[in-house]
Amino acid sequence: MTSVTEASPPRRPADRTPGGARPRRAVDHGAWFLVLPALLPILVLSVGPLLYGIMLAFTDAQSGRTEPTQWIGGLNFRDLLHDTLFWESFRIGLVWAVGVTVPQFLLALGLALLLDQDLRLRWLARALAIIPWAMPEVVVGIMWRLVYNPDAGILNETLRDIGLGGGRDWLSGLVTALPAVIVVGVWAGMPQTTVALLAGLQNTPRELHEAAAVDGASAWRRFRTVTWPALRPIALAITALNLIWNFNSFALVYVLTSGGPGGRTRLPMLFAYEEAFRYGQFGYAAAMGCVMVAVISIALAVFLAGRLRGGDDA
């Protein structure tokens, strides 16, 4: 005699409501305690000083004052609008940022493509390629000051040996100072871009390259149709970050030239530093910082909006 069991009705998934929608999960307030150790340093060391700097920009704060600091509204920004020296430093900062970022990316791309090949001692070449990245900017600046030394620098000595003269003071010349500093910026920042692009290359499926090679595609065509589409998101991201980092450069240029000669290498950060710590105009320097933060934020917002729009189109 066989027993017949009635089929039980299908059960509704536990995470579904009768209407088919997922219920809202209760916020786990205990998770905030796990986030606080990482959030507190950001609030204390980044957000706090930023808000204080914005507040300081609307005051007449100066060093050595005996009177209390007064709220002056937008007077610092009005004066900044007519400060030709600041806008000249802003122009120099843009030239510096673009002049460093573009060669940096092109050279890093070539180096990444080379290090991605199956070469002998590739591990050693990769280790040597990131040495500039591991060096502090102050050390890099001191080292390149020795390279550019007009009397005993290796650059002038090499030029003398090959019969092209020598003795030029590269960091003190009105024409050569900014290009010389840009060369140092490219050399110091190239390893970081190389590592990012090399990681993108290694994540590109080898089968795509092999299939393109079997179809008879040239090396340039394989790069254009296989390699670059895979690298494009990484390239855009690292280029945007490099532009921001280079525009905000301080230590490297300060060690090399301190903004000279004649302000030819005075980047906006150097200008704000001089106003604050050489001339004691803290409120005015804070207004400069606010302008630079606003410009960088707008540029970053435009970049992110383009990226999101591109993602939606895809």
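Please read all numbers here as calculations on a predicted model, not as lab measurements. Any value given below was found using the heavy atoms of this structure, including those in side chains, with hydrogens, waters and symmetry copies removed.
For the residue pair C290 and A57, the shortest heavy atom distance occurs at SG-CB, 3.8 Å. H82 and R78 make their closest contact through ND1-O, 3.0 Å (heavy atoms, listed as atom of the first residue, atom of the second, distance). The two residues A129 and L115 make their nearest non-hydrogen contact at CB-CD1, 4.1 Å. When every heavy atom of G99 is checked against every heavy atom of I182, the shortest pair comes out as O-CG2, 3.4 Å. For E137 against A251, the heavy-atom pair with the smallest separation is OE1-CB, 3.4 Å. In terms of heavy atoms, A235 sits closest to I238 at O-CG2, 3.4 Å.
Across V183, I154, T158, a single residue satisfies side-chain contact (heavy atoms from CB on, under 4.5 Å) together with V147, and that is I154. Under the side-chain contact (heavy atoms from CB on, under 4.5 Å) rule, L109 has a single partner from T193, L231, T194, L114, which is L231.
With contacts defined as side-chain heavy-atom distances shorter than 4.5 Å, the pair M269/N248 qualifies. Counting heavy atoms from C-beta on, the side chains of R222 and T227 never come closer than 4.5 Å. For the pair L159 and N156, the minimum side-chain heavy-atom distance is below 4.5 Å. Side-chain contact check for N242 versus F105: every heavy-atom pair is 4.5 Å or farther apart.
In this structure, F277 and F282 have perpendicular ring planes: the angle between them is above 60°, well past the 30° mark. Taking the six-membered ring for Trp and thresholds of 30 and 60 degrees, Y148 and W170 have ring planes inclined between 30 and 60 degrees apart.
Note that CD1 of I72 and CG of D79 are 7.5 Å apart. Values are rounded to the nearest 0.5 Å. Separation of atoms CZ (R264) and CG (L178) is listed at 9.5 Å; rounding is to 0.5 Å. Taking CG of N246 as the reference point, atom CH2 of W96 lies at 6.5 Å (rounded to 0.5 Å). Taken to the nearest 0.5 Å, the CG atom of L106 stands 12.5 Å off from the CG atom of L111. For the atom pair CE of M143 and CH2 of W187, the computed distance is 3.5 Å after rounding to the nearest 0.5 Å. Expressed to the nearest 0.5 Å, how far CG of L50 lies from CE of M55 amounts to 12.0 Å.
By the side chain to side chain contact (heavy atoms under 4.5 Å, CB included) test, W123 is found to be paired with L121, residues two or more places apart in sequence or in another chain being considered. Looking at residues two or more places apart in sequence or on another chain, you find no salt bridge (charged side-chain N to carboxylate O under 4.0 Å, His left out) involving R224. Under the side chain to side chain contact (heavy atoms under 4.5 Å, CB included) criterion, E88 pairs with R91, I92, not counting sequence neighbours. For W133, the side chain to side chain contact (heavy atoms under 4.5 Å, CB included) test picks out P191, Q192, V195, with sequence neighbours left out.
Linking Ile, Leu, Val, Met, Phe, Trp and Tyr residues whenever their side-chain heavy atoms come within less than 4.5 Å leaves F271 and L174 in two separate clusters. By the criterion of side-chain heavy atoms lying less than 4.5 angstrom apart, applied directly or through intervening Ile, Leu, Val, Met, Phe, Trp or Tyr residues, L113 is not grouped with I130; the two fall into different hydrophobic clusters. Both L94 and I244 are assigned to one and the same hydrophobic cluster, defined by single-linkage of ILVMFWY side chains at heavy-atom distances under 4.5 Å. Both V140 and L155 sit in one connected hydrophobic cluster of ILVMFWY residues. Membership requires side-chain heavy atoms under 4.5 Å apart, directly or through other members. Under the 4.5 Å side-chain heavy-atom criterion for grouping Ile, Leu, Val, Met, Phe, Trp and Tyr, V184 is connected to L107 within one hydrophobic cluster.
Among residues at least two apart or in separate chains, side-chain hydrogen bond (donor to acceptor under 3.5 Å, both in side chains) pairs with a member in residues 266-295 are Q62-Q281, D83-Y284, R266-E274.
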Review item, side-chain donor-acceptor pairs of residues 252-262, under 3.5 Å, at least two apart:
residue: T257; atom: OG1; partner: V253; partner atom: O; Å: 3.3
residue: T257; atom: OG1; partner: G259; partner atom: N; Å: 3.3
residue: T257; atom: OG1; partner: T265; partner atom: OG1; Å: 2.6
residue: S258; atom: OG; partner: Y254; partner atom: O; Å: 3.0

Checklist entry - Stepwise, does the side chain to side chain contact (heavy atoms under 4.5 Å, CB included) test hold for N76 with L80? => result CA-CA 6 Å; N76 284 327; L80 193 61; over 6 Å; no
Checklist entry - Going through the checks in order, is the side chain to side chain contact (heavy atoms under 4.5 Å, CB included) test met by F77 and V291? => result CA-CA 8 Å; F77 295 95; V291 171; 4.2 Å; yes
Item to check | Test side chain to side chain contact (heavy atoms under 4.5 Å, CB included) applied to R232 and L236, step by step | outcome: CA-CA 6 Å; R232 188 171 179 271; L236 291 175; 4.0 Å; yes
Next on the checklist: Evaluate W71 against F58 for ring-ring contact (aromatic ring centres under 6.0 Å, His included), listing each step before the verdict.
Outcome noted: CA-CA 6 Å; W71 183 269; F58 294 92; 5.6 Å; yes
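More than 12 heavy atoms of other residues, nucleotides or ligands lie within 6.0 Å of CZ in F250, so this atom counts as buried by the packing criterion. Counting heavy-atom neighbours within 6.0 Å of R126 CZ, excluding the residue itself, gives a total above 12.
Of the possible polar contacts, one joining the D60 side chain to the Q70 backbone as a donor-acceptor pair under 3.5 Å is found.
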